[in-house]
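Accompanying notes for the structure given below.
Letters A, B, ... mirror the listed sequences (proteins, then strands); counts begin at 1.
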Number of protein chains: 2
Amino acid sequence: MAFMTRRTDALSRARIVEATIELLDTAGESALTVRALTAHLATGRGAIYHHVATKDDLLAAAADGVIGRVLAEVGGDGDPAPAIRALALGIFTAMDAHPWIGSQLSRDPGQPAVRQIWTSLGSQLARLGVTGPARVDAGSALVNYVLGAAAQHAAGARRAPDAAARQEYLQALAATWAGEDPDAAALLRDHDDRAQFLAGVDIFLAGVSALRKPAGVSALRKPAGSG
Amino acid sequence: MAFMTRRTDALSRARIVEATIELLDTAGESALTVRALTAHLATGRGAIYHHVATKDDLLAAAADGVIGRVLAEVGGDGDPAPAIRALALGIFTAMDAHPWIGSQLSRDPGQPAVRQIWTSLGSQLARLGVTGPARVDAGSALVNYVLGAAAQHAAGARRAPDAAARQEYLQALAATWAGEDPDAAALLRDHDDRAQFLAGVDIFLAGVSALRKPAGVSALRKPAGSG
DNA sequence: ACCTGAACACCGTTCAAGT
DNA sequence: ACCTGAACACCGTTCAAGT
């Protein structure tokens with residue numbers, strides 16, 4: 001509990017955003033109230049509104065802070081395809097540690113955090129050699145997949161935090177498939193979210209590459225690689 | 001305004017769900033309050049709780065109602081690939097007419113509406129010849145893409161309902177790309193959400209097919225495929 | 001059994017008043 | 001300028017009381 005931040009120096013937007021992230025991480029989305037925040041910051045209710053426009057603004061800033069750190073850590077060096085996998089996995093992992101981000105990113109496509117994700121993935125696609133119309137299509141497909149997967153995973157983690165509840169959910173889903181495809185149903189029952197997420201990224205990358213040089217005999221996967 | 005449903009017959013869960021959909025469609029997510037609902041249904045506050053467990057339960061039931069109709073309308077006949085495109089487009093279109101569904105589907109992967117989407121897309125993938133581990137990977141990739149795209153689109157529609165606001169958002173995004181890739185930036189400025197969404201579906205379909213019969217010469221990815 | 005509506009325990013945001 | 005905390009206008013949910 002690193003809370004109980006007694007007011008040594010002045011309030012600031014940065015301090016408020018940090019406290020928001022801390023509160024969201026430790027107590028969950030439903031515990032983020034202006035009242036709880038002022039209590040932890042040892043200030044009055046209205047002081048928050050001197051530095052922050054609205055609660056939505058605060059959520060967006062918190063998500064932007066976390067995503068910014070993640071993208072900076074991962075970096076974008078090396079071959080573009082592995083870089084895309086690394087960026088996607090970084091976002092996915094962040095969603096695991098901060099499940100509230102999942103729903104936040106789905107709330108507004110114009111928010112800074114989403115914009116950051118767009119540009120970081122978009123520049124890797126450019127390095128892959130995807131440009132022009134194809135890049136916008138590929139970028140939007142990738143961003144939407146990553147955000148969709150992250151949101152579903154985060155929501156699942158919120159709803160079924162323990163292994164038992166999670167197992168129950170997967171079994172219920174598997175049951176609806178059982179008669180039709182017992183194979184898939186069995187696999188569904190004990191899959192690994194992270195591996196499955198990465199498999200999706202690979203399907204996407206394969207699709208981009210397949211559509212770039214239309215199927216057929218000749219050449220291979222990627223031209224850009226230097227390895 | 002088909003509101004003002006005077007109480008001719010008894011309250012029922014179905015009637016409450018219909019009123020919920022109507023209220024969400026005409027007045028938006030923020031206008032759905034238990035108080036507004038009881039006013040439209042001409043009943044008391046607590047009567048709702050005789051047929052519905054909680055407001056979340058109500059939202060999930062409303063989304064399930066809309067998605068159920070959409071999937072039934074689209075059907076799943078014909079070749080599987082076009083059927084997948086049609087199902088995805090149907091979901092996307094529904095999201096346009098009912099923007100509140102976008103955020104609702106991201107709230108809980110276990111809810112009936114999401115389950116319906118999984119099984120309808122999953123069965124088409126099976127008809128495509130994708131089975132076993134590949135089917136779970138492909139299904140989750142496709143579902144997550146569709147839900148992610150729909151959520152982003154719906155959120156955008158909520159935030160920038162008029163053409164001016166929308167243009168402003170796209171220009172801001174394009175600006176961050178301008179120096180780096182003027183080509184993509186220009187295209188971004190006047191793209192068509194629906195066409196872009198379908199382009200993403202095609203990327204995933206191409207990826208699934210590319211990974212099924214490994215490119216080029218011979219050597220392959222996974223042994224499980226039976227196609 | 002089904003419904004009513006007052007009551008409960010909360011919210012986010014504003015704003016006169018203080019320093 | 002920055003902060004305070006009471007006040008405002010709401011929420012979802014419960015529950016004794018009615019029919």
Contacts of F197(A) meeting ring pair (Phe, Tyr, Trp, His ring centres under 6.0 Å) (sequence neighbours excluded), chain-then-number -> F92(A), Y145(A)
The side chain to side chain donor-acceptor pair (under 3.5 Å) partners of S106(B) (sequence neighbours excluded) come to none
note: H51(B), atom NE2; dA1(C), atom P; distance rounded to Å ~ 13 Å
For residues 12-34 of chain A, the ring-ring contact (aromatic ring centres under 6.0 Å, His included) pairs (sequence neighbours left out) are none
Residues pairing under salt bridge (Lys or Arg N to Asp or Glu O under 4.0 Å) where one sits in residues 38-59 of chain B, two or more places apart or in two chains, turn out to be R159(A)-D56(B), R13(B)-D57(B)
Whole-Å distance, H50(A) NE2 to dT4(D) P, equals 10 Å
So the salt bridge (Lys or Arg N to Asp or Glu O under 4.0 Å) pairs with at least one residue in residues 60-75 of chain B (sequence neighbours excluded) are E18(B)-R69(B)
Sorted by chain and number, sequence neighbours left out, salt bridge (Lys or Arg N to Asp or Glu O under 4.0 Å) with D96(B) holds for none
The side chain to side chain donor-acceptor pair (under 3.5 Å) partners of S120(B) (sequence neighbours excluded) come to none
Rounding to an integer number of angstrom, what distance separates dA9(C) and dA9(D) when you compare their P atoms? 22 Å
Output field dot_bracket for DNA chain D (Watson-Crick or G-U, both distances under 3.5 Å, | for other-strand pairs) contains ||.|||||...|||||.||
Per the under-4.0 Å heavy-atom filter, residues of residues 106-114 of chain B near DNA chain D come out as none
For residues 83-95 of chain B, the salt bridge (Lys or Arg N to Asp or Glu O under 4.0 Å) pairs (sequence neighbours left out) are R85(B)-D202(B)
query = Is there side-chain contact between L105(A) and M95(A), with at least one heavy-atom pair below 4.5 Å?
reply = yes
Protein heavy-atom contacts under 4.0 Å, written 5' to 3' over nucleotides 6-19 of chain C as B (base), S (sugar-phosphate only) or - (none), form the string BB---BBBBB----
Residue pairs meeting salt bridge (Lys or Arg N to Asp or Glu O under 4.0 Å), one or both in residues 25-39 of chain A, sequence neighbours left out, come to E29(A)-R107(A)
